[in-house]
Amino acid sequence: MDNEDPKDYSPSAVERKWQQRWEERGTNRFTREQLRRAEAPFYNLMMFPYPSAEGLHVGNIYAFTGADVHGRFRRLRGEQVFEPIGFDAFGIHSENFALKQGVHPMDLIPANIKNFTRQLKRIGGMFDWAHAADTTDPAYYRWTQWIFIQLFKAGLAERKEAPVNWCPSCKTVLANEQVIAGACERCETPVEQRRIAQWFFRITDFAQRLLDNLEWLDWSETTRTAQQNWIGRSEGAELRFPLQPRGGERVPRSAEAGRDWDIIRVFTTRPDTVFGATYMVLAPEHPLVDELTMPEHRAAVDEYRDRSVAKDLVARKIETKEKTGVFTGACCINPATDEPIPVWIADYVLLEYGTGAIMAVPGHDQRDFDFAFAFGLPIRRVVAGPEEGPDTPLAEAWEGPGTLVHSGKFDGLHVLEGKRRIVDWLAMHGLAEWRINYRLHDWCISRQRYWGPPIPIVHCEQCGAVPVPEDQLPVVLPRVENFKPDDTGVSPLARDESWHRTSCPSCGGEARRETDVSDTFLDSSWYFLRYPSTDFDDRPFDPEITAKWLPVDTYIGGNEHAVLHLMYSRFLNMVLHDLGHLSFEEPFTKFRAHGLITREGAKMSKSKGNVIVPDPIIEENGADTFRLYLMFIGPFEEGGDYRDEGIQGPYGFLHRLWNSVVFREDGAATDPEVERKLHRTIEQVTEQLAELQYNTAIAALMEYLNAVRAGGRKAARGEVEPLIVMIAPFCPHVAEELWEQLGHAESIFEGANWPTWDEAKARSDWVPIAVQVNGKLRGTVTADRGAPREAVEELARSDENVARYLDGAEVRRVVYVPERLVNFVVSS
RNA sequence: GCGAAAGUGGCGGAAUGGGAGACGCGCGAGACUUAGGAUCUCGUGGCUUCGGCCGUGGGGGUUCGAGUCCCCCCUUUCGCACCA
């Protein structure tokens, strides 16, 4: 359809024009000087995308638009808003896609980035393209490697052999977080367990601080809760169970307490129940299992252990909760009762949590109860709940509170009191210690893959692991044509001898480069520090500019990153703070998680074929309309349901707005009713945009335009001008165009001021008063604002319908809410 | 199982303890047009004997008044999931 008439609204022409102007005029770009000098800096961050071959997903656009609206709003209110964007382009996802398509990632990624850039420009984001970052650029990952070295030097990066999750399909190690219900999060292949030497960051050292800071961070509640759960602090005690010597003679309590090698340590949150510990269980992979297994039990133990390691995280976590296990033949001494109790291995005990061993209290832990029941182990009651006696039989574990029984001198104590006394008592004999345990694990950053930054370490026979000198960074990822991983457990880089053969930076001897690359989450855990400093090539982030712009003012992103990316970023920031590189501990002052967009009530997925492809929709309706619709669907922090016809609303609204401006009456007086509405609208929209409540803000703007045009009247200039400014965060292109049509030469984002409201002008002289009888609405009257109570009551009584209800009834009470309602309480 | 959030018209969704359903979609009637996914006007929760009555997942409670607060139950979504 041709749109020859300039009076007609043609989104594509308007948007092309303004995108070009922004680019030419550098409307959204900061120079280094501007970054240094900004007086009211506002760092508006959104989670950078992974540049897939499919292009921008509607979820990306939703998130970016929501963030962009906020940034543009802040800018219109006079702040200097830095709104960068970049690409999180390393990682398994790209690598797998490249393998599938037979393209090299080094060719694939630039093409994807090009396409993403085009799309991002098309939706009209206020991005500073001069400060874009790409994690696969050596100029970027040079500093990712530098960060690794800082952690290494601080003793926070360590190499250790550890059981890891191994995906047999992706042929790589996965972080615990990448294992979903025992399967690989990418390909859903069941995960196996392997032992490989890996690099770990000691994030667990920071568990308590990471937890404590959550108290004051201004973050979405859901995200904070998710992080708390992930850190998983639990308070309890470590108890020590001496092994019984093979001969079977008793060991007197505390005699062996100091000796580590024949003690089994357990973590428990219920030390009060230690008198009920009738057996012990070790995780099958527990290092003591070999030592303590008796010869006649060896075959059974070995078989059980092999089986559980093979099926590991699969069967152990999803297949069944049926309890299995075998007896090792060994016994240890219950430190409370002095009795020998058998030591079993069972896969319901996890090596990764606590000490990898438990004391089993079948009377008061349902899992232990199930196990004891299955294997005929003794079940002893040591807690009596209300209305229970010391010998009330147990049909299932009693996990609630109560009084200690069968617990020697502690009988009769409440469990909480008993807990304290028992731990203190055992501690005197060196058999217990208060302990706080966290669910959080150290962060494994090694990946036996190709598409990532090489870990900047050189292995030397003489010197061990030596970091690459900082002036030799980056360690460039070579172009390797055969980058397909295999199941040898080493990275494809290990095949390129000319690359990994090197000399030791320390002694100069023959050495070999680390051939693993690092986790993508490392790339993305510091990118926000890089953005303002992308034009510095001699430092990761400039101290002056960083001090001015960080921490990030508002961070917007998806809650799928609530525990991974957001935890790692916090951790890294904290480390850099402790090492003196940053002045702040927390990188994101304010974080808001946006919701998810579904389509016609269903989740979008490629397999269902109901994915929204943004390009044609933008082509047809314009980016402004699309943006407006996305923000109108529902509360930004909750998401909403995308219905294809729904875009008609915003589409029509913008046409109506256009016509209202183009066919306005410049001389017309402003209608007082409209003016009141305007001031109320400014107030509401201003407050709601600050809180990211976009859907209701848009509704208010629509309502206002309806009032302006009510009955088909023409708009006055003063009525639409503020409306254009208020719609500009959502629809920047059409706002610019209409702003220009009103005779302004500057960009609306540079020349316009956010409208202000006047309380007095927002009020009318009269107010509608709801009149209730016994709480039910029976009429509405109009009263003068500030009229005395008696007058309003009298007015209410005189309402015809109300009078009918009051007739013949006794008014016992009148509730009066000024300027709102009158409620007559009557008895019939 | 644990944790979090949420249940309101045909649909998406609004409502500081005070007029339930704003705004929009869809639908109905009409206007202007050579034409139009344009635009404009009016209507649109259910029932009704046209007086009203009933309505926010179900059941109790607090209150003059409850979608909103409290207790119990049901359902859905999301996260974690043998965490000792």
Side-chain angles (χ1 to χ4, degrees), chain A residues 1 8-9 180-182 221-226 228-230 232-234 236 266-270 273 281 316-318 320-323 346-350 352-361 364-368 370-371 437-440 559-560 562-563 595-596 598 600-601 603 620-621 629 632-635 638 640-653 655-656 658-660 663 695-704 706 709-712 768-780 801 804 812-817 820-826:
Chain A
M1 180 171 75
D8 278 354
Y9 174 36
I180 308 297
E221 197 54 45
T222 52
T223 314
R224 294 204 314 206
T225 308
Q228 278 164 11
N229 292 341
W230 193 259
R233 176 191 158 107
S234 50
V266 302
F267 173 74
T268 178
T269 53
R270 294 295 307 275
T273 63
V281 187
R316 284 175 71 172
K317 290 196 173 162
I318 51 170
T320 167
K321 299 206 171 177
E322 199 94 326
K323 296 291 182 289
D347 63 9
Y348 81 96
V349 174
L350 309 173
E352 316 90 79
Y353 187 77
T355 61
I358 61 156
M359 65 173 197
V361 184
H364 305 286
D365 182 290
Q366 192 56 42
R367 296 159 300 183
D368 298 342
D370 294 342
F371 189 85
N437 197 61
Y438 300 93
R439 214 184 68 111
L440 185 72
N559 229 351
E560 69 272 20
V563 285
L596 289 177
T598 55
E600 320 267 335
K603 240 191 232 173
E620 210 176 311
N621 304 280
Y629 178 46
F632 185 57
I633 286 178
E638 286 166 38
D641 193 48
Y642 186 100
R643 313 198 96 242
D644 292 357
E645 322 85 60
I647 201 168
Q648 288 311 320
Y651 183 87
F653 172 74
H655 276 272
R656 196 170 186 205
W658 178 278
N659 291 337
S660 302
F663 302 106
N695 59 330
T696 45
I698 293 168
L701 293 172
M702 289 173 164
E703 217 178 312
Y704 172 63
N706 288 345
R709 303 298 311 278
I769 304 282
V771 185
Q772 298 180 336
V773 178
N774 281 348
K776 296 203 176 211
L777 183 73
R778 295 305 179 193
T780 304
N801 196 38
R804 244 194 22 245
R812 298 159 61 108
R813 190 179 158 189
V814 182
V815 178
Y816 174 64
V817 182
R820 279 235 63 116
L821 107 170
V822 176
N823 184 13
F824 295 101
V825 184
V826 305

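In what follows, every heavy atom counts, from backbone to side chain, and hydrogens, waters and symmetry copies are set aside. It should be emphasised that the depicted structure is a prediction, and the values quoted were computed from it without experimental measurement. Residue numbers start from 1 in every chain, and the chains themselves are labelled A, B, ... in the order their sequence lines are given, proteins ahead of strands.
Comparing B:rG19, B:rG52, B:rA84 against the side chain of A:L350 picks out B:rA84 as the nearest. The nucleotide whose nearest atom lies closest to any side-chain atom of A:R820 is, among B:rU39, B:rG3, B:rG18, B:rG18. Checked against B:rG18, B:rC82, B:rU39, the side chain of A:K323 finds its nearest nucleotide in B:rC82.
Spacing between B:rU39 and B:rU33 at atom C1', rounded to whole Å, works out to 10 Å. The C1' atoms of B:rC70 and B:rG17 are separated by 13 Å, rounded to the nearest whole Å. The same atom, P, is picked in B:rG43 and in B:rG21; the two are 15 Å apart, to the nearest Å. Spacing of P atoms, B:rG45 relative to B:rA20, comes out at 14 Å, to the nearest Å. Rounded to whole Å, the separation between the C1' atoms of B:rU16 and B:rG67 comes to 15 Å. The gap from the C1' atom of B:rG57 to that of B:rG9 amounts to 15 Å, rounded to the nearest Å. B:rC64 and B:rG59 have their C1' atoms separated by 24 Å, with the value rounded to a whole Å. On the P atoms, B:rG3 is 15 Å away from B:rC71, given to the nearest whole Å.
Spacing between atom CG of A:D8 and atom P of B:rG37 amounts to 14 Å, rounded to whole angstrom units. Remark: P of B:rG79 and CZ of A:R439 are 14 Å apart, rounded to the nearest angstrom. Put simply, CG on A:L596 is 12 Å from P on B:rG13, counting in whole angstrom units.
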(request) Convert the base pairs of RNA chain B into dot-bracket notation, remembering that pairs crossing earlier ones are written with [ ] and that bases paired across to another strand are shown as |; include only Watson-Crick or G-U pairs under 3.5 Å. (result) (((((((..(((.....[....)))((((((.......))))))(((....)))..(((((..]....))))))))))))....
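No donor-acceptor contact under 3.5 angstrom links the side chains of A:S234 and A:N437, judged on distance only. Checked by atom type, the side-chain pair A:D368/A:Y348 shows a donor-acceptor distance below 3.5 Å.
A donor-acceptor distance shorter than 3.5 angstrom exists from the side chain of A:N774 to the backbone of A:V826, with no hydrogens or angles considered.
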(message) Does the protein touch nucleotides 28-34 of chain B at the base, only the backbone, or not at all? Give it as B, S and - per nucleotide, heavy atoms under 4.0 Å.
(response) -------
(message) At under 4.0 Å between heavy atoms, how does the protein contact nucleotides 20-26 of chain B? Give one character per nucleotide, 5' to 3', with B, S or -.
(response) --BBSSS
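Contact annotation: side chain of A:T225 to base of B:rG3, donor-acceptor pair absent below 3.5 Å.
Within the 4.0 Å cut-off from OP1 or OP2 of B:rG18, not a single side-chain nitrogen or oxygen of A:K776 is found. For A:N801 and B:rG52, the shortest distance from a side-chain N or O to OP1 or OP2 is below 4.0 Å. Contact annotation: A:Y651 does not reach the phosphate of B:rG37 (side-chain N/O to OP1 or OP2, under 4.0 Å). Here A:R804 reaches the OP1 or OP2 of B:rG52: one of its side-chain N or O atoms lies under 4.0 Å away.
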(request) Please test A:Y651 against A:Y629 for ring pair (Phe, Tyr, Trp, His ring centres under 6.0 Å), starting from the C-alpha separation and ending with a verdict. (result) CA-CA 8 Å; A:Y651 183 87; A:Y629 178 46; over 10 Å; no
(message) Walk me through whether A:N659 and A:R656 qualify under side-chain hydrogen bond (donor to acceptor under 3.5 Å, both in side chains).
(response) CA-CA 5 Å; A:N659 291 337; A:R656 196 170 186 205; over 6 Å; no
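Other residues, nucleotides and ligands contribute over 12 non-hydrogen atoms within 6.0 Å of the CG atom of A:L777.
Once rounded to the nearest 0.5 Å, the distance linking OH of A:Y642 with CD1 of A:I633 reads 7.0 Å.
Counting heavy atoms from C-beta on, the side chains of A:V771 and A:R778 never come closer than 4.5 Å.
Anti is the classification of B:rG65, since its glycosidic angle lies more than 90° from 0.
Between A:W658 and A:Y9, the two ring planes are parallel [angle under 30°; tilted spans 30° to 60°].
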